[in-house]
Amino acid sequence: MRGTVWAVANQLGVVAGTPAELLSALLAGPPRTVRLGGAGHDPDEVAELADVLREFGHVRVVVEAPDEDAPVSKPGDDGPVDVADAEAVCAADPVRVTAAYEAADDEHGGLRSAWLRAGQSLIRDQDPARRALVLRTALPPDADPRIRQALARSAATAPWHMEWAGACPVAALTVLPGGAPVVADPGGGVRVLPDGGREQSTATRVRAAAASGEDTVLLLDERGRLHRHGGTGTALTKAVAATLARHPGTALAAAADVVLVGDRMGSVHAFGSDGLHQAALHSGRVTALAATASPSLAVRTGGTDGAVRAWSPADGGHGSTVSQRSSPVVALHTGPTPQGPALAAAWADGLVELHRPGRRDVLGFRPGPAVRAVAVTPDGALWVGTEETLIRLRPRWARRRGNLPNRARPGLH
């Protein structure tokens, strides 16, 4: 069933691992047509999922006739995959691997739980090296070291090198000017890595975080109100907080002496010492903001319309489109790197993109679970946060020499 759900979720541009999660994602949007079945899927599972989706009448379900010549992935079929072999599962048919792990009661060194956690990414058509990378980021802390080593070998030709990954619930991310990442968790706790302890913020649930100065982090809570963590308050942040108390925000960023806020109507507001600049940049709610001040203030915005746009308050206008996809943008972050400002963007279908300065190619990564936050570090690495996991990746072209210290965070590996 999971393989069928993942395939449908990928088709529809949402993240879901169960029929209930799929239905919830579909009910959150307009009525849609769902196509089920086709080659490689168990007709019984397809029929069961179709019945669940049809119960609510919000979606039109079309069941495609199975290809009689195509194999159906069921446990026990001929040519079975050795699900204890890390290299074999990365190269095998992912639908068949999923079915085998669902039927298994052995963790196989952590491979089973990693596959079932990241399966929506793994089931996509891709080369074994990319699958090995995703599996490696999803391994549990107690995974067999031999499995880790095998996946590291298999992922050697992937476009990313995984530096850290581990259990760490993430609601929002930002990076302090010195390069230390700041993690806000779903419960409102804030910690500075590598070794900062969790401190409760004044926000109950955090929607966005933005670094403002060397030791100050601004937080936007789920009600759209502004809070400060660390540092000292300024006249500007107090004025923005007072404004958001009356007119809640939907997204937040900060750079130099400017605080940027998005709203549900698609507009972005830049509060600075020279006054207020604003522009209508999206059709629908603004969902993410990012900004960098070097050499001048440059803003990146994301919305429910799936667009990432570049805007400069000094230039006014409506900005230009950086990227456009059919899924809503869920997170943005931009920051200086040795090559210039880089941009990380994430969408509701689980895709993360890294736009690097001076390069036309865009690096993509899908961890499997829904992405909650992204952040770029000054040395060119990328943090990706989900509700359960924090991952640090580095493009192969920018891989730093030496190993990162294990003390970076307890439980990271």
Side-chain angles (χ1 to χ4, degrees), residues 1-11 15-19 21-22 35-52 63-158 162 165 350 366-369 389:
M1 177 61 76
R2 292 196 200 202
T4 302
V5 170
W6 288 333
V8 173
N10 284 336
Q11 173 197 146
V15 176
T18 66
E21 291 174 352
L22 179 60
R35 296 187 178 277
L36 304 178
H41 292 285
D42 184 343
D44 294 335
E45 292 182 356
V46 170
E48 182 181 349
L49 180 58
D51 289 341
V52 172
V63 178
E64 299 176 347
D67 184 348
E68 295 182 357
D69 296 327
V72 174
S73 296
K74 289 184 177 180
D77 283 351
D78 296 334
V81 181
D82 182 359
V83 291
D85 186 327
E87 296 183 24
V89 298
C90 293
D93 171 26
V95 176
R96 192 181 300 279
V97 173
T98 300
Y101 278 136
E102 284 191 297
D105 55 7
D106 189 309
E107 278 298 307
H108 298 293
L111 278 174
R112 179 180 182 273
S113 61
W115 186 281
L116 296 181
R117 177 181 295 125
Q120 187 169 338
S121 172
L122 298 167
I123 205 169
R124 288 177 174 270
D125 186 19
Q126 60 194 300
D127 60 60
R130 289 176 182 266
R131 282 206 184 98
L133 171 69
V134 174
L135 261 181
R136 193 177 174 213
T137 66
L139 284 174
D142 59 350
D144 189 328
R146 293 170 296 183
I147 295 295
R148 295 190 189 282
Q149 295 166 4
L151 289 176
R153 290 192 300 269
S154 296
T157 58
M162 190 204 84
R366 291 179 181 271
T389 308

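Nothing here was measured: the structure is a model prediction, and the numbers come from that model.
The side chain to side chain contact (heavy atoms under 4.5 Å, CB included) search around Arg124 returns Asn10, Gln126, Arg366, not counting sequence neighbours. Remark: Ser121 engages no residue in a side-chain hydrogen bond (donor to acceptor under 3.5 Å, both in side chains) (not counting sequence neighbours). Listed by chain and number, the residues in a side chain to side chain contact (heavy atoms under 4.5 Å, CB included) with Ala118 are Leu122, Val134, Ala138 (sequence neighbours excluded). For Pro367, the side chain to side chain contact (heavy atoms under 4.5 Å, CB included) partners two or more places apart in sequence, or in a different chain, are Phe365, Pro369, Val371, Val384, Thr386, Ile391. With sequence neighbours left out, Ala16 forms a side chain to side chain contact (heavy atoms under 4.5 Å, CB included) with Val5, Ala9, Glu21, Leu22. Judged as a salt bridge (Lys or Arg N to Asp or Glu O under 4.0 Å), and not counting sequence neighbours, the contacts of Asp144 are Arg146.
Of all heavy-atom pairs between Leu116 and Trp6, the closest is O-CZ2, 3.5 Å. Arg2 and Gly17 make their closest contact through CG-O, 3.9 Å (heavy atoms, listed as atom of the first residue, atom of the second, distance). Of all the heavy atoms in Trp115 and Leu135, the pair that sits closest is N-CD2, 3.6 Å. Nearest heavy-atom pair, Thr157 versus Ala129, reported as atom, atom and distance to 0.1 Å: OG1-CB, 3.2 Å. Of all heavy-atom pairs between Ala132 and Ala155, the closest is CB-N, 3.8 Å. Summarising the geometry of Asp142 relative to Arg148, their closest heavy-atom pair is N-NH2, 4.4 Å, with the distance given to 0.1 Å.
For the atom pair Thr4 OG1 and Ile123 CD1, the distance stands at 7.5 Å (nearest 0.5 Å). To the nearest 0.5 Å, atom CG of residue Leu111 and atom CG of residue Leu139 are 6.5 Å apart. To the nearest 0.5 Å, the span separating CZ on Arg131 from OG on Ser154 amounts to 12.0 Å.
Within the structure, salt bridge (Lys or Arg N to Asp or Glu O under 4.0 Å) contacts touching residues 107-123 (residues at least two apart or in different chains) are Glu107-Arg112, Arg117-Glu388.
Side-chain contact check for Val63 versus Val46: some heavy-atom pair is nearer than 4.5 Å.
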Atom pairs and distances, donor-acceptor, side-chain atoms in residues 82-90, under 3.5 Å, two or more places apart:
from: Asp82; atom 1: OD1; to: Ala84; atom 2: N; distance (Å): 3.1
from: Asp85; atom 1: OD1; to: Glu87; atom 2: N; distance (Å): 3.0
from: Asp85; atom 1: OD1; to: Ala88; atom 2: N; distance (Å): 3.1

